[in-house]
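A quick write-up on the structure given underneath.
Values reported hereafter were calculated over all heavy atoms of this structure, with side chains retained and with hydrogens, waters and symmetry mates removed. We count residues from 1, following the sequence as given. Order of listing sets the numbers, starting from 1, for every ligand and every atom in it.
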Amino acid sequence: MDLLRETLTSAAHEQGFVLVGFARLNPLSEHEAFYRRWLADGGNASMTYLAKDPELRFDPRRLDARYKSVVSLGYPYAARATPTVDWRAEMRGRIAAYALGRDYHDVVKKRARAVGDVLRRLRPGSTTRTYVDTGPVFEREWASASRIGWFGKNTMILNREHGSYFFLAEIFTDVEFDATAEPYRDHCGTCRRCLDLCPTGALADGYVMRSELCISYQTIENRGAIPRDLRPKLGNWIFGCDICNDVCPWNDDHASDHSAGDLMPRLPEMLALSEEEFGRRFTVSAVKRAKRRGLLRNVAVALGNTRNPDAVAPLAHSIEAETEPLIRSHAAWALGEIGGSAARRALERALHDRDTAVRREAAAALETN
Ligand code: SF4
Ligand code: SF4
């Protein structure tokens, strides 16, 4: 390894990155046909930004003609073993491990920028630009081109040592680096655990993710109603989903124990969060991306999935007191899942709701009860 790469790798390690790779920028033409087909098949669901300026994704030199190389970085986060609690009895939701603690965008970007600063100091006059889950940039494709891992069937970048529990960051630069030499072999082999155990069937053969079926997409990116047939499959996930990471054998050694607390918050308390309380609780957390209306919509669905009669009172209260129709309509669905006379009474009241979607959900729920 030449001195520049060595110094930069040490600087990245000092910033907490466990994976560092280098690639020359060439058009990612082998990914172009795959990506265009995925878009044409609607794989991006409502994430229209993914269809914007795809040419920039295939060749970042269209963003800035000076770029010659990319430095790909992996920043680890702790996988969490599922706490041994009965989430239905205790009415607890589940939050994806990456969203615990401070929003990773802020943390990782700051650290990746510090690595870019070192590069500019070592090569005065050079230019760097850092991306962390932002901008029209292929992250996983560059990570695999930089040999920090392989593109797994769960559509994550996997590394033999670190599994898939790391965030990616990219530094594009006009400094010329040679590519990291050895190709990173695919170690999925004949395994298909992630495909078989995804509760919604969102992963398809050929390394394809159908976003509209994915719990992460539905609980974070979808701003509207969650399709009815998917709701029971969400289980208690209220922000993201870790299943296709958790079940991967390459992550076996990485899960640390964690108490239910912030990983599995109590759903009735979450359903009662006011806008101010939501802001206070999630201001520095990735969870704020779902916004209160999205998160509480998910909470209502999870409460329905508990099938726990104790969930009727908070759901019925939400239908009476909640101002957001999206949350009230999902609370109505949830009451239908739980059933019983108290749920039916609340649903009958909801037939007179001021919002059509709530009235429709209440009527549909009553039909099945
Ligand atoms: Fe399936 Fe969950 Fe993975 Fe999405 S995040 S593909 S729903 S296992
Ligand atoms: Fe690959 Fe198996 Fe991991 Fe899926 S679960 S990403 S198939 S190793």
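- Contacts between Ile215 and ligand 1, counted as non-hydrogen atom pairs separated by less than 4.0 Å, involve both the backbone and the side chain.
- Ion pair Arg266/Glu90 not flagged as a salt bridge, since none of the NZ, NE, NH1 or NH2 atoms sits closer than 4.0 Å to an Asp/Glu carboxylate oxygen.
- The number of heavy-atom neighbours closer than 6.0 Å to CZ of Arg129, taken from other residues, nucleotides and ligands shown, is 12 or below.
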Tyr207 and Phe34: CA distance, side-chain angles, deciding distance, ring pair (Phe, Tyr, Trp, His ring centres under 6.0 Å) verdict: CA-CA 10 Å; Tyr207 302 76; Phe34 178 91; 8.1 Å; no

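- The nearest heavy-atom contact from the protein to atom 4 (Fe) of ligand 1 is Cys214 SG, 2.4 Å.
- Between Glu277 and Arg281 there is no salt bridge, since no side-chain nitrogen of the basic residue lies less than 4.0 Å from a carboxylate oxygen of the acidic one.
- Ring to ring, Phe166 and Tyr75 are not that close: their centroids are 6.0 angstrom or more apart.
- Looking only at protein heavy atoms, the nearest one to atom 1 (Fe) of ligand 1 is Cys198 SG, 2.3 Å.
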Phe177 vs Val71, side-chain contact (heavy atoms from CB on, under 4.5 Å): CA-CA, chis, key distance, verdict: CA-CA 9 Å; Phe177 287 106; Val71 185; 4.0 Å; yes

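- Note: Tyr98 and Tyr104 have perpendicular aromatic rings, judged against thresholds of 30 and 60 degrees for the angle between ring planes.
- For Glu139, the side chain to side chain contact (heavy atoms under 4.5 Å, CB included) partners two or more places apart in sequence, or in a different chain, are Asp133, Leu168, Glu170.
- Closest to atom 2 (Fe) of ligand 1 among all protein heavy atoms lies Cys241 SG, 2.3 Å.
- Of all the atoms in ligand 1, the ones that sit under 4.0 Å from a non-hydrogen atom of Thr200 are 7 (S).
- Two residues are said to be in side-chain contact when any heavy atoms from C-beta on lie closer than 4.5 Å; Trp150 and Arg160 meet this criterion.
- For the side chain to side chain contact (heavy atoms under 4.5 Å, CB included) with Cys241, the qualifying choice from Ile215, Ile95, Asp246, Leu234 is Ile215, the only one to do so.
- Atom 1 (Fe) of ligand 2 has Cys188 SG as its protein N, O or S neighbours under 2.8 Å.
- In terms of protein heavy-atom proximity, atom 8 (S) of ligand 1 is nearest to Cys244 N, 3.4 Å.
- Atoms of ligand 1 found under 4.0 Å from any heavy atom of Ile243, numbered from 1 in the order shown, are 8 (S).
- Shown in contact with Met209 at under 4.0 Å from a heavy atom are these atoms of ligand 1, numbered in order with element: 6 (S).
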